[in-house]
Amino acid sequence: MIPSPKTENELLERAYSLAGYSLGELAAQHGLHCPADLRREKGWVGMLLETCLGATAGSKPEQDFQELGIELKSIPISHLGKPLETTFVCVAPLTGVQGLTWETSHIRNKLSKVLWIPVEGEREIPVCERRVGMPMLWQANEEEEAQLKADWEELMEFIVLGKVHEISAKHGEYLQLRPKAANSKVKTEAYGAKGQPIKTLPRGFYLRTQFTAKLLARHFMLPEEG
DNA sequence: ACATGATCATAA
DNA sequence: TTATGATCATGT
């Protein structure tokens, strides 16, 4: 077991040391089996990187490195360095949202500082051969913070008004709300339009690929279109 | 081609 | 049941 990093620099150095290795090599270093595909182990890459970096595995609703105030996220990228998938951030609160603000929200805490680790994600590359890229420690700049806050407020308004059923993934420019459950039959508590308790599909906040693409471009000086 | 809605594994 | 880790796979 890798001990948890005590400082930000220790975490960063460890993260940088992973760049260039394949997932198969990293898995072998930790005695882990590399799956042929991710259909039945969608979180495998993320879990592997947690192991490599000494994150305390678990399902606590906290940042991965709480003492450092840093959240770890793997991000699958194309050969051009663009994100191939949206990024799940956290489950959306559907009850007890009175008085909740962006500043005090769970999602903002998670996104306050993120260590992004790009990983080759093209499906034609066998999982074991996919390589880890250079990590990026990110904090939202003013513009990004404002964009996320605006989207969050738009989405939360549906929840507060009991209009969860009117939300679709099409809302929100950079942050979207989508199902987050084992399957579409799962139900959780929420509010109806008249304030009455209802049961609905659990939702999660996701960062659109357009947003994460901008982050990567800003950091790695990749060309942006438009 | 790509985003949306659906889904998979696991721990507490 | 809720949280964590996400990607799959179909419809548009």
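Just so it is clear, the structure is predicted and the values come from calculations on it, not from any experiment.
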Give every donor-acceptor pair under 3.5 Å between a side-chain atom in residues 193-203 of chain A and any protein atom, sequence neighbours left out.
residue	atom	partner	partner atom	Å
A:Gln196	OE1	A:Lys194	N	3.0
A:Lys199	NZ	A:Glu189	OE1	3.4
A:Thr200	OG1	A:Arg203	NH2	3.0
A:Arg203	NE	A:Leu201	O	2.6

Can you list, by residue number, the residues of residues 66-76 of chain A that have a non-hydrogen atom closer than 4.0 angstrom to DNA chain C?
A:Glu71, A:Lys73, A:Ser74, A:Pro76
Enumerate the side chain to side chain donor-acceptor pair (under 3.5 Å) contacts for residues 38-47 of chain A, please, sequence neighbours excluded, ordered by first and then second residue.
A:Asp37-A:Arg39
Pair up each side-chain donor or acceptor in residues 172-180 of chain A with any protein partner under 3.5 Å, not counting sequence neighbours, and list the distances.
residue	atom	partner	partner atom	Å
A:Gln176	OE1	A:Arg178	NH1	2.5
A:Gln176	NE2	A:Ala169	O	2.9
A:Arg178	NH1	A:Thr86	OG1	3.1
A:Arg178	NH2	A:Thr86	OG1	3.3

Between the base of C:dT2 and the side chain of A:Lys60, is there any donor-acceptor pair under 3.5 Å?
no
Consecutive Watson-Crick or G-U pairs in runs of at least 3, all under 3.5 Å, in which DNA chain B is involved:
B:1-12 with C:1-12
Are A:Leu100 and A:Trp152 close enough that some pair of their side-chain heavy atoms sits under 4.5 Å apart?
yes
Taking for A:Cys90 and for A:Thr87 the nucleotide of DNA chain C with the nearest heavy atom, the one nearer the 5' end belongs to A:Cys90
What residues 16-36 of chain A contributes to the DNA chain B interface at heavy-atom separation below 4.0 Å is none
Proximity to DNA chain C (any heavy atom under 4.0 Å), residues of residues 199-213 of chain A only:
A:Tyr206
Ionic contact status for A:Glu145 with A:Arg108, cut-off 4.0 Å:
yes
Which nucleotide in the list B:dC8, C:dG5, C:dC8 gets nearest to the side chain of A:Leu38?
C:dC8
Would you say A:Lys110 places a side-chain N or O within less than 4.0 Å of OP1 or OP2 belonging to C:dT4?
yes
Name every residue in residues 159-173 of chain A that has at least one heavy atom under 4.0 Å from any atom of DNA chain B, in order of residue number, or write none if there are no such residues.
A:Ser168, A:Ala169, A:Lys170
Every protein N/O within reach of nucleotides 9-12 of chain C N/O, cut-off under 3.5 Å:
residue	atom	partner	partner atom	Å
C:dA9	N7	A:Arg123	NH2	3.4

Could you state the atom-to-atom distance from CG of A:Asp64 to P of C:dA3 in whole Å?
16 Å
Are more than 12 heavy atoms, taken from residues, nucleotides or ligands other than A:Lys187, located less than 6.0 Å from that residue's NZ atom?
yes
Suppose we screen for side-chain hydrogen bond (donor to acceptor under 3.5 Å, both in side chains). Which residues come up paired with A:Lys214, at least two apart in sequence or across chains?
none
Under 4.0 Å between any heavy atoms, over every strand shown, what does A:Arg178 touch: base, sugar-phosphate, or nothing? Just pick one.
base
For A:His171, the ring-ring contact (aromatic ring centres under 6.0 Å, His included) test, sequence neighbours excluded, returns A:Phe158
Applying side chain to side chain contact (heavy atoms under 4.5 Å, CB included) between A:Val119 and each of A:Ile75, A:Leu84, A:Leu23, A:Val127, report the one that passes.
A:Leu23
Would you give me the side-chain donor-acceptor pairs under 3.5 Å for residues 65-74 of chain A, sequence neighbours excluded?
residue	atom	partner	partner atom	Å
A:Gln66	NE2	A:Glu62	OE1	3.0
A:Glu71	OE1	A:Asp64	N	3.3
A:Lys73	NZ	A:Phe88	O	3.0

Examine distances only and state if a side-chain atom of A:Glu10 and a backbone atom of A:Lys6 form a donor-acceptor pair shorter than 3.5 Å.
yes
